[in-house]
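What you see below is based on every heavy atom in this structure, not just the backbone, and it leaves out hydrogens, waters and symmetry mates. Predicted, not measured: the structure shown is a model, and the values here were computed from it. Start at 1 and go down the list; that is how both ligands and their atoms are numbered.
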Amino acid sequence: MLETATPSPASALPLPEIYARVERHIPAFEWPILADDIGEILRLKRQRNAVVLAHNYQTPDIFHTVADIVGDSLALAREAARTDADVIVLAGVHFMAETAKLLNPGKTVLIPDLEAGCSLAASITAADIRLMRERHPGVPVVSYVNTSAEVKAESDICCTSANAKKIVEGLGAPRVIMLPDEYLARNTAAQTKVEIIAWKGHCEVHERFTAEDVRSVRESHPGIVVLAHPECPPDVIAECDFTGSTAAMADYVGKQRPARVVLLTECSMSDNVALQYPELEFVRPCNLCPHMKRITLPKIRRALETMSHEVTVDPEIAVRARRAVERMMAFG
Ligand code: 13P
Ligand code: SF4
């Protein structure tokens with residue numbers, strides 16, 4: 001199973017019970033300040049008929065308190081497509097909010113900070129794709145969802161880290177262009193006979209992990225199970241025990257319950273999963289995503305108070321970008 005979007009019951013609980021979920025992470029003296037924002041966000045969500053969709057990299061004070069749905073990019077896209085709320089607050093990065101808008105254009109989609117970008121999305125433009133097509137005529141283009149709507153609009157289909165192999169193979173072509181993440185492309189190529197032409201984009205968080213990191217954590221923590229996101233370099237993936245999307249990693253921990261584990265991915269992911277499994281030892285040589293960290297409780301509160309920042313997509317681009325995302329969703 002590669003996605004685990006679960007409605008978070010936390011946001012339906014009274015504040016003391018919500019605190020019980022995060023008390024091992026948030027000291028009691030900090031709680032009153034957070035509780036003020038959390039209480040107000042819960043009230044505003046009811047008033048606006050809004051849902052908060054939170055990515056697995058959001059901090060525990062968001063992830064375990066005000067989120068209605070949590071998950072990886074694919075799961076958040078699915079939930080955005082089917083929600084009947086009037087307003088979607090995307091606690092994640094801009095491409096996730098754009099994808100939500102593409103899939104459910106009648107809803108108001110808000111992002112609490114417009115600057116919450118992504119190094120992968122910033123690494124490629126629509127003009128770059130047109131150039132790739134000229135160089136490789138007839139070769140289908142698979143774009144990672146970590147791209148702008150303009151880039152999606154130039155693509156045949158999208159993929160996420162949860163379904164990359166399935167999408168690449170499902171096209172039935174001997175060669176595909178897969179962009180912009182070079183490492184996701186190379187890690188996918190290692191699992192398939194389809195020839196993959198990659199781009200040189202990297203995730204600024206995952207590119208920093210090294211194979212030496214894996215060896216040294218194994219040496220200092222005997223018996224540790226190493227999980228890594230497929231945006232990590234291939235030599236890191238070669239040394240780890242399991243690779244998968246953020247949801248797949250959480251799912252692995254839930255099912256396998258490794259006594260000692262490290263997640264080579266963004267820091268908050270370990271914080272969130274560790275709160276769910278207090279009996280497991282999490283080693284945390286993580287890297288922070290500065291874009292994900294732009295989203296905070298006060299900014300979510302402000303987004304709901306002021307109904308900003310609204311995410312819109314040019315209608316002509318939206319039609320073509322939606323086709324690429326919906327084609328991916330149809331793969332199941
Ligand atoms: P997931 O789709 O695995 O959640 O990954 C999104 C992302 O931005 C990872 O860096
Ligand atoms: Fe983008 Fe990497 Fe941040 Fe994910 S972790 S949003 S891929 S910069």
**OP:** Indicate whether any N or O donor in one side chain lies under 3.5 Å from an N or O acceptor in the other, for Asp72 and Ser245.
**Re:** yes
Original post:
Of the protein's non-hydrogen atoms, which lies at the shortest distance from atom 4 (Fe) of ligand 2, and what is that distance?
Top reply: Tyr57 CE1, 4.0 Å
Original post:
For ligand 1, which atoms have a heavy atom of His206 less than 4.0 angstrom away?
Top reply: 10 (O)
Original post:
Near Ser245, which atoms of ligand 1 are under 4.0 Å from a heavy atom of that residue?
Top reply: 3 (O)
Original post:
At a 4.0 Å threshold, what atoms of ligand 1 neighbour a non-hydrogen atom of Ser73?
Top reply: 1 (P), 2 (O), 4 (O), 5 (O), 6 (C)
Subject >> NZ/NE/NH1/NH2 to OD/OE distance under 4.0 Å, Asp68 and Lys45 >> reply: yes
Original post:
Judged by atom type as modelled, is there a donor-acceptor pair below 3.5 Å linking the side chain of Asn272 to the main-chain atoms of Asn56?
Top reply: yes
**OP:** Under 4.0 Å from a heavy atom of His229: give me the atoms of ligand 1 that qualify, with their elements.
**Re:** 1 (P), 3 (O), 5 (O), 9 (C)
Subject >> Residues Glu316 and Arg320 bridged, charged N to O under 4.0 Å >> reply: yes
Original post:
Asn146: heavy atom below 4.0 Å from ligand 1, yes or no?
Top reply: yes
Original post:
By number and element, which atoms of ligand 1 are closer than 4.0 Å to a non-hydrogen atom of Asp72?
Top reply: 1 (P), 2 (O), 4 (O)
Subject >> Flag, side chain of Thr306 to backbone of Arg302, donor-acceptor distance under 3.5 Å >> reply: yes
Original post:
Between Ser161, Gly92, Ala75, which one has a non-hydrogen atom sitting closest to atom 3 (O) of ligand 1?
Top reply: Ser161
Original post:
Does the ring centre of His206 sit less than 6.0 Å away from the ring centre of Tyr183?
Top reply: no
Original post:
Has Glu266 got any heavy atom lying under 4.0 angstrom from an atom of ligand 1?
Top reply: no
Original post:
Does Glu231 reach ligand 1 with a nitrogen or oxygen that is under 3.5 Å from one of the ligand's nitrogen or oxygen atoms?
Top reply: yes
**OP:** Mind listing the protein N/O/S atoms less than 2.8 Å away from atom 2 (Fe) of ligand 2? Waters don't count.
**Re:** Cys203 SG
Original post:
For ligand 1, is there an N or O atom under 3.5 Å from any N or O atom of Thr246?
Top reply: yes
